[in-house]
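Structure, as C-alpha cells:
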Amino acid sequence: MTVSSDTVPASHGRGYQMKAGQVAVITNLYGNQVVDTWALGVADAGEFTSMDHTRSVNSSIYFEKGMAVVSNRRRPMMTLIDDSASLRHDTLLCPCNAELYQQLGCDGYHRSCSDNFHEALSEKAEDLPFTPASLNLFMNVPVHADGSLERHAPASKAGDFVALRAEMDLVLVLSACPQDITVINGDDRTPQDVTIRFVTDYPEVSA
Ligand SMILES: [Zn+2]
C-alpha cells in the first residue's frame, strides 16, 4: 500500500522520516536524473550512511540490487531490494558543492547537492556539521581496470525506479542533483523532478 508520495523538484532536496521495514520507491521520471542519497539514524543522528563502510562491507565500488547501504557503525540502514534498470550506482564521487560550480566558472550562486542536504535536514530540525559522502543513485561512473573513471549520462530510461527498504528508523535525504554543466544528468544537461512513494508492502499487490 502506498502510504504517501512526493516530488523532489529538480535541483532541490527533500527529507523524509522512514520507519524500519518501510520501502521508498524512487522513480526517475525522465531517466536522466542523478539522485544523491543519504540517511541519518533517528535514534542518533551521529549515525549516517557511509560510503567508505558500504564499499568495505559489500566488497564493491558499485552499489547494486541486493546490497545494503551501511552506516559509519557498519549497520545496515537501507537495502536496494529492486532496481528496474539493474544499474551500477556510484559510491565514489562526492556530492556537488558550491566550490565545484565556482571552479566550473559559474558566476554567483549555483544550487548544489551539498547545500540541498543541509537545507532538507534543517527543514526537519536536524543537521550535521559536515556533508557525508552521498550514494549517487542512477549516476553512471564506470571504473576501468587501471583505476581511472568516466562520467556518463545515466543509463536509465524514463520511468526507471529503485526500491530502498529502511532497515532502521531513519531520515532519508534526497537531492535531485542540480548539475547542468556536465552530462552527469543527461546529454541535454537539464535537471528534472523525481518522485518518491513510500509503501508498506513490496512488491505491492495490484488491485
Ligand atoms: Zn549534485
Side-chain angles (χ1 to χ4, degrees), residues 6-16 24 26-40 48-52 54-55 61-64 69 77-78 80 83 85 87-124 126-143 149-158 160-162 164 171-196:
D6 195 20
T7 297
V8 182
S11 302
H12 288 70
R14 289 286 186 270
Y16 304 97
I26 300 160
T27 301
N28 209 327
L29 294 175
Y30 302 89
N32 67 297
Q33 183 62 48
V34 166
V35 183
D36 287 40
T37 303
W38 300 262
L40 279 70
F48 52 86
T49 44
S50 164
M51 291 306 99
D52 296 2
T54 296
R55 287 189 294 269
I61 56 174
Y62 298 117
F63 186 69
E64 299 175 75
V69 194
M77 295 191 81
M78 299 184 293
L80 186 64
D83 182 350
L87 298 173
R88 288 177 152 181
H89 304 272
D90 175 65
T91 70
L92 294 172
L93 297 192
C94 60
C96 60
N97 60 6
E99 291 80 2
L100 167 69
Y101 292 106
Q102 286 169 9
Q103 290 168 8
L104 289 172
C106 289
D107 291 328
Y109 181 69
H110 191 294
R111 298 195 66 84
S112 71
C113 287
S114 297
D115 287 353
N116 286 346
F117 171 79
H118 295 287
E119 200 172 271
L121 274 186
S122 60
E123 287 172 3
K124 295 282 175 194
E126 295 194 46
D127 206 354
L128 286 178
F130 58 94
T131 310
S134 47
L135 169 64
N136 302 315
L137 293 173
F138 303 103
M139 189 185 276
N140 188 5
V141 179
V143 179
L149 56 80
E150 294 181 52
R151 294 167 172 83
H152 291 315
S156 41
K157 59 186 184 308
D160 274 329
F161 63 88
V162 295
L164 287 168
V171 176
L172 174 69
V173 179
L174 303 180
S175 169
C177 179
Q179 175 60 267
D180 54 2
I181 299 167
T182 74
V183 298
I184 209 75
N185 286 313
D187 292 331
D188 62 358
R189 297 169 167 81
T190 306
Q192 298 281 4
D193 298 351
V194 296
T195 58
I196 183 167

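For ligands, and for the atoms within them, numbers begin at 1 and follow the listed sequence.
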key: Partner set under side-chain contact (heavy atoms from CB on, under 4.5 Å) for Ala155, not counting sequence neighbours   = Leu87, Asn140

request  = For the residue pair Leu135 and Thr91, establish whether any side-chain heavy-atom pair is separated by less than 4.5 Å.
outcome  = yes

inquiry  = Applying side-chain contact (heavy atoms from CB on, under 4.5 Å), can you list everything that pairs with Thr131, at least two apart in sequence or on another chain?
reply    = Trp38, Pro95, Ser114, Phe117, His118

key: Counterpart residues, side-chain contact (heavy atoms from CB on, under 4.5 Å), relative to Ser122 (two or more places apart)   = none

Flag side-chain contact, heavy atom, 4.5 Å: Ile26 against Leu174 = yes

is_close_aromatic(Phe138, His89), centroid dist under 6.0 Å = yes

key: Every N, O or S from the protein that is nearer than 2.8 Å to the Zn ion (ligand 1)   = Cys96 SG, Cys113 SG, Cys177 SG

